[in-house]
Student: 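Before anything else, here's the structure in question.
Reckoned from all heavy atoms, side chains included, excluding hydrogens, waters and symmetry mates. In this text, all values refer to a predicted model and were calculated from it rather than measured experimentally.
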Amino acid sequence: MVVFLVLCGGGAAGGYWIFNKAKDTVEDVADKVNDADRISVVEPKTLGGRARSTDPGLAKTVNELKSGMAADLPGATSSVAAYYGSAEKKNLTMAFAVSVLNPAPQAALDAFTSAATSQLGKVTFEKVEPGPLGGLAQCGQGAVSGVPVAICVWADNGSVGMIMYFAQNFASIKTKFAAERGEVEKKATA
């Protein structure tokens, strides 16, 4: 699990920010920058009612992710890497997100799902409702060391993130994903 999280969080991070300036007008880029400036990510004390984990082993993984993000994304304005719930209660969840100018959300989402698929094996992602924050979102089902994992990812002009739900299935989480994303990502009003 640690290998997946580090590769997905840190190693693939550089691939998210693929600029396609040839297709964007100056106004499009300005709109994306203004939208991105209003976006931040925060590490909530609870996520979907699950308390932040204090497990020392998981804390080590979180610290590795945060170090990787700082090195790979010097332009990030905020970041989140935290576990919530517990394996014993079968509600362990991991949130990973960064707020950073992201002028190509589809490319970022594709890079994120590709990294997840390379680590989890065959994962079929499908579009899901991104919720009131907008952008793009997809969820899918995979496994880590034989444990089922539902994974949801999002990308918009100012952030990219993922929430992994261990020992849970895609059908049970896809309806609650948008609300939990809203606990992590914040968007100031214009």
Side-chain angles (χ1 to χ4, degrees), residues 5 8-21 23-50 52 62-63 65-84 93-116 125-140 150-165 173-190:
L5 296 176
C8 189
Y16 296 154
W17 292 270
I18 300 169
F19 293 84
N20 191 356
K21 294 180 185 177
K23 292 183 181 179
D24 286 340
T25 66
V26 172
E27 288 175 353
D28 289 338
V29 172
D31 287 344
K32 289 177 182 180
V33 169
N34 289 337
D35 191 43
D37 284 345
R38 298 182 310 131
I39 295 172
S40 63
V41 294
V42 298
E43 192 172 289
K45 292 183 185 209
T46 63
L47 183 64
R50 297 175 294 275
R52 193 173 9 199
V62 165
N63 290 335
L65 278 170
K66 287 180 179 178
S67 295
M69 284 188 281
D72 290 345
L73 302 168
T77 56
S78 57
S79 64
V80 170
Y83 284 93
Y84 296 87
T93 303
M94 194 280 254
F96 165 83
V98 290
S99 60
V100 65
L101 178 60
N102 182 19
Q106 185 63 58
L109 191 71
D110 291 346
F112 222 152
T113 57
S114 177
F125 283 94
E126 70 178 60
K127 290 181 183 178
V128 295
E129 178 58 41
L133 292 167
L136 306 167
Q138 294 183 7
C139 293
I151 179 171
C152 292
V153 297
W154 79 84
D156 55 30
N157 292 330
S159 73
V160 64
M162 136 184 112
I163 301 176
M164 292 181 67
Y165 302 85
I173 60 93
K174 71 179 183 178
T175 57
K176 64 182 175 182
F177 161 69
E180 292 185 1
R181 172 191 173 193
E183 293 180 44
V184 174
E185 181 181 357
K186 303 298 179 188
K187 192 172 192 177
T189 55

Student: How long is the gap from NZ on K174 to CD on E129, to the nearest 0.5 Å?
Tutor: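 Between atom NZ of K174 and atom CD of E129 there are 12.0 Å.
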Student: Taking the inter-plane angle between the rings of F112 and F96 on a 0 to 90° scale, is it parallel (under 30°), tilted (30 to 60°) or perpendicular (over 60°)?
Tutor: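 Judged by the thresholds at 30° and 60°, the geometry between F112 and F96 is perpendicular.
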Student: First locate atom CZ of R50, then atom OH of Y83, and finally report the distance between them rounded to the nearest 0.5 Å.
Tutor: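 It comes to 13.5 Å.
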Student: Has S78 got a side-chain atom pairing as donor or acceptor with V41's backbone, closer than 3.5 angstrom?
Tutor: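 Indeed, once roles are kept as given, a pair shorter than 3.5 Å links the two residues.
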Student: Looking only at non-hydrogen atoms, find the nearest pair between P130 and G135 and report the distance.
Tutor: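 Closest heavy-atom pair between P130 and G135: CG-O, 3.6 Å.
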Student: Find the distance between CG (D37) and OG1 (T77) and round it off to the nearest 0.5 Å.
Tutor: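 Here the interatomic distance stands at 8.5 Å.
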Student: So, does T113 use its side chain to make a donor-acceptor pair with the main chain of L109 at under 3.5 Å?
Tutor: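 It does hold such a pair.
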Student: For G131, is there any backbone N or O sitting under 3.5 Å from a side-chain donor or acceptor partner on R181?
Tutor: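 Here the side-chain-to-backbone pair does not exist.
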Student: Grab the two heavy atoms, one from E43 and one from V80, that are nearest each other, plus how far apart they are.
Tutor: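 Nearest heavy atoms, E43 then V80: N-CG2, 3.6 Å.
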Student: Should V128 and F177 count as side-chain neighbours, where that means a heavy-atom distance under 4.5 Å?
Tutor: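 Yes. Closest side-chain heavy atoms under 4.5 Å.
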Student: Is it the case that the side chain of N102 and the backbone of D156 share a donor-acceptor pair, with hydrogens and angles ignored and the cut-off at 3.5 Å?
Tutor: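 Present.
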Student: Which residue is it: T175, I173, I151? I am looking for the one with a side chain to side chain contact (heavy atoms under 4.5 Å, CB included) to C139.
Tutor: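 For C139, the side chain to side chain contact (heavy atoms under 4.5 Å, CB included) test succeeds with only one of T175, I173, I151, which is I173.
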Student: Taking all non-hydrogen atoms of both residues into account, name the closest pair between Y84 and P44 and its distance.
Tutor: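 The pair with the smallest heavy-atom distance is OH-O, 2.6 Å.
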Student: With rounding to the nearest 0.5 Å, note down the distance linking NZ in K187 to CZ in R38.
Tutor: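 Between atom NZ of K187 and atom CZ of R38 there are 5.0 Å.
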Student: Looking only at non-hydrogen atoms, find the nearest pair between G140 and F125 and report the distance.
Tutor: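 It is N-CD2, 3.6 Å.
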Student: I'd like to know if E183 pairs up with K45 as an ion pair, taking the criterion as any Lys NZ or Arg NE/NH1/NH2 lying under 4.0 Å from an Asp or Glu carboxylate oxygen.
Tutor: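 No.
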Student: Tell me the closest heavy-atom pair linking V184 and A97, and the distance in Å.
Tutor: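 That closest heavy-atom pairing would be CG1-CB, 4.0 Å.
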Student: So do the side chains of T93 and I163 get within less than 4.5 Å of each other, counting heavy atoms only?
Tutor: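 Heavy-atom side-chain distance check passes, below 4.5 Å.
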Student: Distance alone, cut at 3.5 Å: any donor-acceptor contact between the side chains of S99 and S159?
Tutor: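 S99 vs S159: no donor-acceptor pair found between side chains.
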Student: Using a 3.5 Å distance criterion without hydrogens, assess whether the side chain of Y165 forms a donor-acceptor pair with backbone atoms of M94.
Tutor: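 Answer holds: no.
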Student: Starting at CD of E185, measure out to OG of S40 and round the result to the nearest 0.5 Å.
Tutor: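 Rounded to the nearest 0.5 Å, the CD-OG separation comes out at 8.0 Å.
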Student: Could you tell me which non-hydrogen atom of A95 sits nearest to which non-hydrogen atom of L47, and how far apart they are?
Tutor: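 It is CB-CD2, 4.1 Å.
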